[in-house]
Number of protein chains: 2
Amino acid sequence: MATIYEVSRLAGVSLATVSRVINNTAPVREATRVKVEAAMNELGYRPNSVAQSLASNRSNSIGILVSELSGPFYGELLSRIEAEFRAVGKHVIIAAGHSDAEMERESIEFLRSRNCDALILHVESVSDNYLRGLADGGCAFVLINRYVRAIAERCITLDNRHGGYLATRHMLQLGHREIAYVSGPMWKNDAKERYAGHLEALAEFGVSENKALFFEGDFQETGGVRALQHFLAADASFSALVCANDEMASGAITAAHDIPLELPDQLSVIGFDNVNFSHYTYPKLTTIDYPIAEIGQMAARWVLKNVYSQTTTELKAIFEPRVIERDSTQKI
Amino acid sequence: MATIYEVSRLAGVSLATVSRVINNTAPVREATRVKVEAAMNELGYRPNSVAQSLASNRSNSIGILVSELSGPFYGELLSRIEAEFRAVGKHVIIAAGHSDAEMERESIEFLRSRNCDALILHVESVSDNYLRGLADGGCAFVLINRYVRAIAERCITLDNRHGGYLATRHMLQLGHREIAYVSGPMWKNDAKERYAGHLEALAEFGVSENKALFFEGDFQETGGVRALQHFLAADASFSALVCANDEMASGAITAAHDIPLELPDQLSVIGFDNVNFSHYTYPKLTTIDYPIAEIGQMAARWVLKNVYSQTTTELKAIFEPRVIERDSTQKI
DNA sequence: TTGTAGGCGTTATCAT
DNA sequence: ATGATAACGCCTACAA
């Protein structure tokens with residue numbers, strides 16, 4: 001690889017001048033600029049970004065930490081973030097935290113040691129305190145899908161509680177009163193909030209909570225299967241099933257087919273997230289839209305604005321979920 | 001951030017010694033090692049990886065280029081690759097090529113300028129020649145899901161042709177003779193090969209090719225929908241539908257439900273890839289397994305061996321597909 | 001076993 | 001507008 005020095009020699013200028021035309025960080029006479037550019041082309045010169053980073057203390061790379069790299073949810077998130085940064089010549093370095101506090105912490109250290117200019121974090125196990133400490137330590141990061149009051153200005157979230165409310169209200173408005181609920185792991189914040197929204201809707205319609213109609217799943221497909229089996233085995237009476245995410249809803253639908261149970265005639269099912277396989281189910285899944293791509297875009301813009309001082313469209317911190325009505329729910 | 005220099009001063013040794021304990025690249029007396037480590041801890045020292053890269057000409061980062069970041073297929077691939085490298089302290093820089101030659105080329109340049117030690121490429125638009133040139137230019141890379149004879153030793157592939165053969169043979173063995181085929185874009189190599197396998201199976205069973213039962217889709221869900229509608233509108237007679245990937249199979253199944261068509265009684269459907277939503281469909285999709293995670297792992301090991309000189313398990317260049325029989329196919 | 005000193009390829013601060 | 005020249009933080013012969 002040619003270096004800036006060789007370019008400068010070929011162009012007959014100093015290497016400082018070459019640097020100037022690369023970054024146009026200072027005026028350069030048109031004639032010299034042309035000479036330099038010609039030299040760069042001739043040598044096929046590409047600036048060494050590592051050296052640039054060392055000298056400028058900027059790496060032009062952004063670290064992304066998500067729980068998993070697979071799965072429809074994170075795929076869309078990453079996709080949007082990458083596109084957004086790529087458009088401005090920046091790179092993403094990606095790591096997975098696997099919902100484990102130790103791995104999350106270690107991943108963050110990992111990304112920091114790579115001199116990332118900023119981090120976009122989707123973490124669920126690390127403590128609020130840790131995050132506050134990170135912020136105090138001068139680490140530039142933005143938090144996705146989690147709200148921590150002390151660093152509210154760095155949080156981009158979905159109103160999970162309202163989403164949970166909408167899902168259950170949707171069932172209630174269809175006339176259902178016996179509504180079973182399949183939650184995610186209750187130690188996860190979004191699971192807790194979605195459930196709170198569920199209770200809120202029930203209260204609003206004067207339906208009292210029935211512990212027998214609650215099941216704590218794992219946000220996985222199998223959790224949905226087990227949930228349905230559990231309710232059936234317990235001989236619970238319910239006409240609607242609210243699932244805290246689409247994976248579990250899919251599992252429940254699969255299990256229902258195996259009973260068999262006619263959907264949505266004998267049971268209405270609603271999911272949460274609107275991941276892209278949600279319309280592969282049969283019947284097509286009614287769900288709550290989680291605008292994950294937009295949230296990813298917003299996180300990227302937060303970084304562009306706060307770290308790279310670029311002017312962008314206005315930032316938005318809270319996104320609103322909404323019902324996507326398809327075929328898996330029906331009036332009773 | 002503390003530098004190696006500060007550590008050396010605090011420990012009362014030269015900075016070369018500190019470097020040695022960091023990389024243990026030369027013997028260091030136990031006593032000094034302890035002193036240095038104590039100093040590092042006290043200062044919370046973390047080596048600056050950018051400076052390390054510049055000095056050592058190693059970035060400890062691997063560039064990954066895939067067509068898309070979203071979608072079940074690439075998610076699993078990335079997930080496995082990241083895990084494999086992460087375990088040995090290396091990180092991945094990820095870019096998307098969007099099946100476009102220009103973007104693929106640019107992405108490769110992008111990753112190279114980041115001084116990646118190696119690239120793992122899943123490209124479909126860039127020419128064989130370009131890749132050969134890249135290899136000649138001394139770029140360390142391994143190619144996934146594509147075979148280029150001139151650089152065969154860098155290719156890790158699935159036997160797509162055999163997979164196509166297995167899918168259609170499965171239908172033939174179930175007694176089907178009128179088999180419609182939904183292909184991917186024929187300019188893509190895997191689509192072409194899967195189709196070749198299809199023809200091979202037909203020939204083996206003495207079934208002649210029927211152009212009316214061929215439809216070129218786009219590897220997307222909508223392609224499957226359009227395919228089924230196309231065949232039906234053309235009044236084609238067929239009892240089985242072979243789709244070149246699971247997305248299109250899902251689309252076809254959805255469309256079949258809308259007709260409605262009883263599955264698998266009135267129509268058997270098989271997909272290809274065995275992506276993780278393939279059992280969300282109803283009936284659960286019979287498909288061809290594409291061991292994408294294993295392929296990702298193998299690519300990572302290729303890099304570990306050929307670039308980082310690590311000893312790993314033996315490398316494997318060609319993976320074999322196999323039929324995953326679920327509920328969407330049935331004897332006629 | 002340890003220290004010295006010269007690079008790695010840029011950026012950035014001075015002069016000129 | 002352009003050119004020297006010091007950083008940037010670390011690695012690595014080469015010496016000691």
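Any value given below was found using the heavy atoms of this structure, including those in side chains, with hydrogens, waters and symmetry copies removed. A, B, ... follow the sequence lines: proteins, then strands. Residue 1 opens every chain.
Between A:Arg9 atom CZ and C:dG9 atom P the separation is 14 Å, expressed in whole Å. Distance CG (A:Leu43) to C1' (C:dG9): 15 Å, rounded to an integer number of Å. Atom CG in A:Asn48 sits roughly 13 Å away from atom C1' in C:dT11 (whole-Å rounding). Rounded to whole Å, atom C1' of D:dA7 lies 12 Å from atom CG of A:Asn57. Between the CD atom of B:Glu30 and the P atom of C:dT2 there is a distance of 10 Å, given to the nearest Å. Between the CG atom of A:Leu15 and the P atom of C:dG9 there is a distance of 12 Å, given to the nearest Å. As rounded to whole Å, 16 Å separates atom C1' of D:dT2 from atom CG of A:Asn24. In this structure, the CD1 atom of B:Ile4 is 5 Å from the P atom of D:dC10, given to the nearest Å.
Between A:Ser19 and C:dT10 there is no side-chain N or O to OP1 or OP2 distance below 4.0 Å. Remark: B:Ser14 is in phosphate contact with C:dG3, judged by side-chain N or O atoms under 4.0 Å from OP1 or OP2.
With a 6.0 Å radius and a threshold of 12 heavy atoms from other residues, nucleotides or ligands, B:Asp128 has its CG atom above the threshold.
Heavy-atom nearest nucleotides on DNA chain D were determined for B:Ala2 and for A:Pro27, and the one closer to the 5' end corresponds to A:Pro27. Nearest-nucleotide mapping onto DNA chain C: of B:Val13 and B:Ser56, the residue sitting toward the 5' end is B:Val13.
If you check distances only, the side chain of A:Arg20 does reach the base of D:dG3 with a donor-acceptor pair under 3.5 Å.
Closest approach of A:Tyr45 and A:Ala2 over heavy atoms only: CD1-O, 3.3 Å.
At a threshold of 4.0 angstrom between heavy atoms, the contacts of B:Arg33 with the nucleic acid are absent.
Judged by distance alone, the side chains of B:Thr313 and B:Arg301 do bring a donor and an acceptor atom under 3.5 Å apart. Using a 3.5 Å distance cut-off with no hydrogens or angles, the side chains of B:Ser99 and B:Glu124 do pair a donor with an acceptor. A:Arg86 and B:Ser107 form a side-chain donor-acceptor contact under 3.5 Å, judged by distance and modelled atom types alone.
Closest to the side chain of A:Arg29, out of D:dA1, D:dT5, D:dC10, is D:dA1. Here the side chain of B:Ala55 is nearest to one of C:dG9, C:dT4, C:dG7, namely C:dG7. When each of D:dC10, C:dT11, D:dA1 is scored by its nearest atom to the side-chain atoms of B:Tyr45, the top-ranked nucleotide is D:dC10. Between C:dG3, D:dC11, C:dT10, one nucleotide has an atom nearer to the side chain of B:Thr17 than all others, and that is C:dG3. Here the side chain of A:Thr32 is nearest to one of D:dA1, C:dC8, D:dT2, namely D:dT2. Distance from the side chain of A:Ala16 is smallest to C:dA12 among D:dG9, C:dA12, C:dG3. Side-chain atoms of B:Ala51 lie closest to D:dG9 of the nucleotides D:dA4, D:dG9, D:dT12.
Taking the six-membered ring where the residue is Trp, the centroids of B:Tyr290 and B:Phe73 are separated by under 6.0 Å.
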